[in-house]
Amino acid sequence: MADAIAVLNAGSSSFKFSLFAQADGRPFVVARGQAESLYTSPHFIAKDGSGAVIDEKSWNAGTKLGHDGALDHLVAFLRRRLAEHRLIGVGHRVVHGGSAYTDPVRVDESVLAALEKYVPLAPLHQPHNLAPIRTLLQRLPELPQVACFDTSFHRSQPAVAQAFALPTEITDRGVLRYGFHGLSYEYIARVLPDYSAAAARGRTIVLHLGNGASMCAMAAGRSVASTMGFTAADGLPMGTRCGNLDPGVVLYLMDELAMDARAIEKLIYQQSGLLGVSGISSDMRTLEASDDPRARRAIDLFAYRIGRELGSLAAALGGLDAIVFTAGIGENSRALRERVCRDAEWLGVQVDVEANQRGSACISTPQSRVSAWVIPTNEEITIARQTREILGARADTGHA
Ligand code: ADP
């Protein structure tokens, strides 16, 4: 009977899951899917490794299935589906591991209590990430669970990169630049040698451009700086988040518009970014297809800020050898990639327009001093690998 690992990524009204088994030292997907609209009109779908639907269920509109109900459905599905596999553990995506968790960790009651202390640092994500861990601890206490953090990868950054210029007593409360998207960056760092030995051992900036967007400066595959800070609202503009903002704007919103913390939270997380600037959509595909000048303005601002951050991160690295595009926009938007590369010509990037249009992995010319790459990310594999390592099983989970 083969071992299998389940990976869970839980959000506020949905979760994604996948089930990985291992063959010849490589993980492969046995099943993957999601449960969504858990409090309005719940829907569960699971597909096999080839993408064929193997289980699907919809509940009546108005059914409040919730995370627990959906988790029960998932466990029942896994039991049915797992006839040939033994579930050896569940790996969870957890957004915040604070400064304490520099590595993934097996979760028991005391670890869970420690992770709950980080809820104020990531109130929109952390509670939802932790909820299924608590439920499974209660219902299946023998099932090993591992928390894998979006912050861990960045703990290699020098102290100066993690600090705000605030009084020590505030810093000591944990008000630091943590950085996020670490599970994605770790995946890219791990596969980068397969694409370019020079990029893997050199100074590389990875651009994770999805609904959430950030950039990470890596020296020999280790994070030295990133655009996200204390929360995942910092750095680049995103689908609905504003990215970096003069703190004076927050004071202005409070004083002049009488906005409280919750109203400002909604503004900066849900109403800003590509959506806020365009007034049309948070979706890059919609904006690229639009001829509305507001859509153009939103894309212009996104590209401009990426260019500024490239310069800043190159300074943190003391030079640049390679850039890597990943996540939904980075992997798919040829136009945005070409534009970012052209804007970075001064840094030594020379884009190969045809290779970029073809969708090649390498999109820079052979003469380009800085090479440019497109590499699909895979956070789930990082979680499966970390979970397998922590559980002490065969630690040879490469990449699929
Ligand atoms: P998340 O952060 O939710 O995981 P993704 O990595 O899936 O997000 O990225 C979603 C973004 O990728 C959306 O803005 C979407 O419009 C964009 N995207 C996906 N496919 C394309 C495409 N073909 N061209 C341009 N943008 C795309």
Side-chain angles (χ1 to χ4, degrees), residues 7-18 32-37 51 92-95 122 124-125 128-129 148 150-151 153 179-188 206-216 226-228 231-243 268-292 294-303 305-306 324-341 356-360 363 374-383:
V7 169
L8 263 189
N9 181 356
S12 59
S13 63
S14 66
F15 63 71
K16 292 185 187 149
F17 69 90
S18 35
R32 66 155 43 111
Q34 59 192 34
E36 56 192 358
S37 308
H92 296 265
R93 179 190 197 162
V94 176
V95 69
L124 302 185
H125 295 99
H128 308 300
N129 300 159
C148 304
D150 267 312
T151 47
F153 185 73
F180 298 89
H181 289 138
L183 297 165
S184 171
Y185 292 128
E186 179 167 335
Y187 177 82
I188 298 295
V206 182
L207 298 87
H208 178 110
L209 309 176
N211 277 319
S214 72
M215 292 160 61
C216 176
S226 55
T227 57
M228 277 181 171
T231 67
D234 197 11
L236 299 176
M238 309 177 210
T240 61
R241 289 172 245 168
C242 59
I268 64 181
Y269 279 96
Q270 289 163 19
Q271 300 173 328
S272 298
L274 297 176
L275 174 67
V277 177
S278 70
I280 298 171
S281 173
S282 63
D283 194 301
M284 184 56 91
R285 278 167 298 202
T286 308
L287 298 180
E288 286 186 340
S290 167
D291 49 18
D292 190 316
R294 295 175 305 161
R296 177 74 17 224
R297 235 185 350 258
I299 298 173
D300 285 350
L301 184 50
F302 188 55
R305 294 272 289 273
I306 290 171
V324 176
F325 292 91
T326 194
I329 299 171
E331 292 168 29
N332 295 297
S333 174
R334 294 167 167 79
L336 197 273
R337 286 198 305 258
E338 181 174 334
R339 182 165 179 179
V340 168
C341 287
N356 182 46
Q357 284 300 329
R358 269 200 314 275
S360 303
I363 58 167
V374 183
I375 303 179
T377 195
N378 194 330
E379 289 149 306
E380 294 165 349
I381 286 221
T382 304
I383 297 170

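Start at 1 and go down the list; that is how both ligands and their atoms are numbered. Since we're looking at a predicted model, the values are computed, not measured. By convention here, the first residue in the shown sequence is residue 1.
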As an exercise, identify every atom of ligand 1 less than 4.0 angstrom from a heavy atom of [X].
X	result
G328	5 (P), 6 (O), 9 (O), 12 (O), 17 (C), 18 (N), 19 (C), 27 (C)
G212	2 (O)
A327	6 (O)

* Step by step, work out the side-chain contact (heavy atoms from CB on, under 4.5 Å) result for D300 and R339. => CA-CA 10 Å; D300 285 350; R339 182 165 179 179; 2.7 Å; yes
Do [X] and [Y] have side chains that approach each other closer than 4.5 Å (heavy atoms only, starting at C-beta)?
X	Y	answer
E380	R93	no
N9	I383	no
M228	H208	no
F153	S226	no

* Asked: Among all residues two or more places apart in sequence or in another chain, which pass the side-chain contact (heavy atoms from CB on, under 4.5 Å) test with E288?
  ->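 With neighbours one apart ignored, the set is M284, I299, S333, A335, L336.
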* Asked: Nearest non-hydrogen atom to atom 25 (C) of ligand 1 belongs to which of M238, H208, E288, K16?
  ->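 Closest candidate by heavy-atom distance is E288.
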* Taking atom types as modelled and ignoring hydrogens, do the side chains of Q271 and T240 form a donor-acceptor contact shorter than 3.5 angstrom? ->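 No, T240 and Q271 have no side-chain donor paired with an acceptor closer than 3.5 Å.
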* Between M284 and ligand 1, does any nitrogen or oxygen pair lie at a separation below 3.5 Å? ->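 Between M284 and ligand 1, an N or O pair is found under 3.5 Å apart.
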Considering only the protein, which heavy-atom contact is closest to [atom], and what is its distance?
atom	value
atom 3 (O) of ligand 1	N211 ND2, 3.0 Å
atom 27 (C) of ligand 1	R285 CG, 3.6 Å
atom 23 (N) of ligand 1	N332 CB, 3.3 Å
atom 16 (O) of ligand 1	D283 OD1, 2.4 Å
atom 17 (C) of ligand 1	I329 CG1, 3.6 Å

